[in-house]
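What follows is one structure encoded as structure tokens, with my remarks underneath.
Because the structure is predicted, anything quoted here is derived from the model rather than measured.
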Amino acid sequence: QVQLVESGGGLVQAGGSLRLSCAASGRTFSTYAMGWFRQAPGKERKFIAYINWSGAYYADSVKGRFTISRDNAKNTVYLQMNSLKPEDTAVYYCAAATGTGVFTTSVPYNYWGQGTQVTVSS
């Protein structure tokens with residue numbers, strides 16, 4: 001069983017930055033693929049970024065503005081968000097995949113955090 005706890009969300013002006021954190025339980029954290037997704041009101045949950053043993057991958061909508069990283073010693077994955085836009089407003093979720101799969105979809109992720117709200121004002 002893996003528990004994920006996100007933090008770092010909040011209200012920020014357009015152009016600003018936030019860093020989200022996701023702390024994970026489990027002794028094999030370094031073997032998980034970790035992803036970030038977001039869900040805006042009335043919309044589907046969408047992939048943002050993932051990081052695994054082979055590197056990091058981003059959705060086009062955040063490429064160049066967001067950076068995913070991980071600290072395996074702290075069992076934590078981060079999402080640094082720069083140049084934020086009002087359309088980035090959403091609940092942000094981290095997720096862990098303990099197996100393999102297409103990590104740009106929600107399918108392989110078998111553990112999810114509770115989400116953290118990010119609101120970007122114009």
Side-chain angles (χ1 to χ4, degrees):
Q1 190 77 7
V2 177
Q3 291 183 325
L4 303 173
V5 179
E6 300 104 333
S7 61
L11 174 64
V12 64
Q13 288 189 330
S17 299
L18 282 175
R19 188 176 82 154
L20 305 183
S21 300
C22 174
S25 64
R27 290 179 287 181
T28 56
F29 173 78
S30 62
T31 67
Y32 308 157
M34 297 298 297
W36 285 97
F37 291 73
R38 67 186 180 189
Q39 186 168 19
K43 297 189 177 181
E44 295 181 348
R45 189 173 299 186
K46 291 187 175 181
F47 164 78
I48 300 173
Y50 79 79
I51 185 167
N52 66 355
W53 49 92
S54 64
Y57 187 85
Y58 301 90
D60 288 343
S61 59
V62 304
K63 198 174 295 182
R65 299 188 299 124
F66 291 11
T67 302
I68 188 171
S69 61
R70 66 192 299 162
D71 185 337
N72 290 333
K74 295 183 178 180
N75 278 20
T76 301
V77 64
Y78 304 97
L79 185 69
Q80 177 67 44
M81 305 186 294
N82 299 329
S83 301
L84 282 162
K85 305 174 181 180
E87 51 263 44
D88 294 318
T89 295
V91 177
Y92 284 68
Y93 298 90
C94 74
T98 58
T100 61
V102 180
F103 297 121
T104 56
T105 73
S106 61
V107 173
Y109 295 93
N110 40 356
Y111 298 99
W112 293 82
Q114 80 288 352
T116 185
Q117 177 70 46
V118 171
T119 303
V120 184
S121 63
S122 57

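Taking OG of S106 as the start and CD of E44 as the end, the distance is 9.5 Å to the nearest 0.5 Å. Distance check: M34 CE to N75 CG gives 9.0 Å after rounding to the nearest 0.5 Å. The CZ atom of R38 sits 13.5 Å away from atom CZ of R45, with the distance rounded to the nearest 0.5 Å. Note that OG of S122 and CD of E87 are 10.0 Å apart. Values are rounded to the nearest 0.5 Å. Atoms CG and OG, from N52 and S30 in turn, are 12.0 Å apart once rounded to the nearest 0.5 Å. Atom OG1 of T98 is separated from atom CD of Q1 by 10.5 Å, given to the nearest 0.5 angstrom.
A donor-acceptor pair under 3.5 Å is formed between the side chain of Y58 and the backbone N or O of I68.
Placement of Y50 and W53 within a single hydrophobic cluster is found when ILVMFWY residues are connected by side-chain heavy-atom separations under 4.5 Å, directly or transitively. Cluster annotation: W36 and Y78 are assigned to distinct hydrophobic clusters (Ile/Leu/Val/Met/Phe/Trp/Tyr, side-chain heavy-atom contacts under 4.5 Å, transitive).
Using a 4.5 Å heavy-atom cutoff, the side chains of M81 and V120 are not in contact. Here the side chains of Y92 and I48 are in contact, with some heavy-atom distance below 4.5 Å. Two residues are said to be in side-chain contact when any heavy atoms from C-beta on lie closer than 4.5 Å; R65 and D88 meet this criterion. Counting heavy atoms from C-beta on, the side chains of F29 and R70 come closer than 4.5 Å. Between L20 and V118 the shortest side-chain heavy-atom distance falls below 4.5 Å. Between Y32 and I51 the shortest side-chain heavy-atom distance does not fall below 4.5 Å.
The number of heavy atoms from other shown groups lying within 6.0 Å of OH (Y111) is above 12. The environment of K74 atom NZ is sparse: at most 12 non-hydrogen atoms of other residues, nucleotides or ligands sit within 6.0 angstrom.
Annotation: side-chain contact (heavy atoms from CB on, under 4.5 Å) contacts of Q117 (sequence neighbours excluded): T89, V91, T119. Considering only residues two or more places apart in sequence or on other chains, F37 meets the ring pair (Phe, Tyr, Trp, His ring centres under 6.0 Å) condition with F47, Y109, W112.
Using a 4.0 Å cut-off between charged nitrogen and carboxylate oxygen, K63 and D60 count as a salt-bridge pair.
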Under 3.5 Å, sequence neighbours excluded: what are the donor-acceptor pairs made by side chains of residues 2-18?
from, atom 1, to, atom 2, distance (Å)
E6, OE1, Q114, N, 3.0
E6, OE1, Q114, NE2, 3.4
E6, OE1, G115, N, 2.8
E6, OE2, C94, N, 2.8
E6, OE2, G115, N, 3.3
S17, OG, N82, OD1, 2.9

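Taking each heavy atom of Y93 and G113 in turn, the nearest pair found is CD2-O, 3.6 Å. Scanning both residues, G101 and P108, for their nearest heavy atoms gives CA-CB, 4.0 Å.
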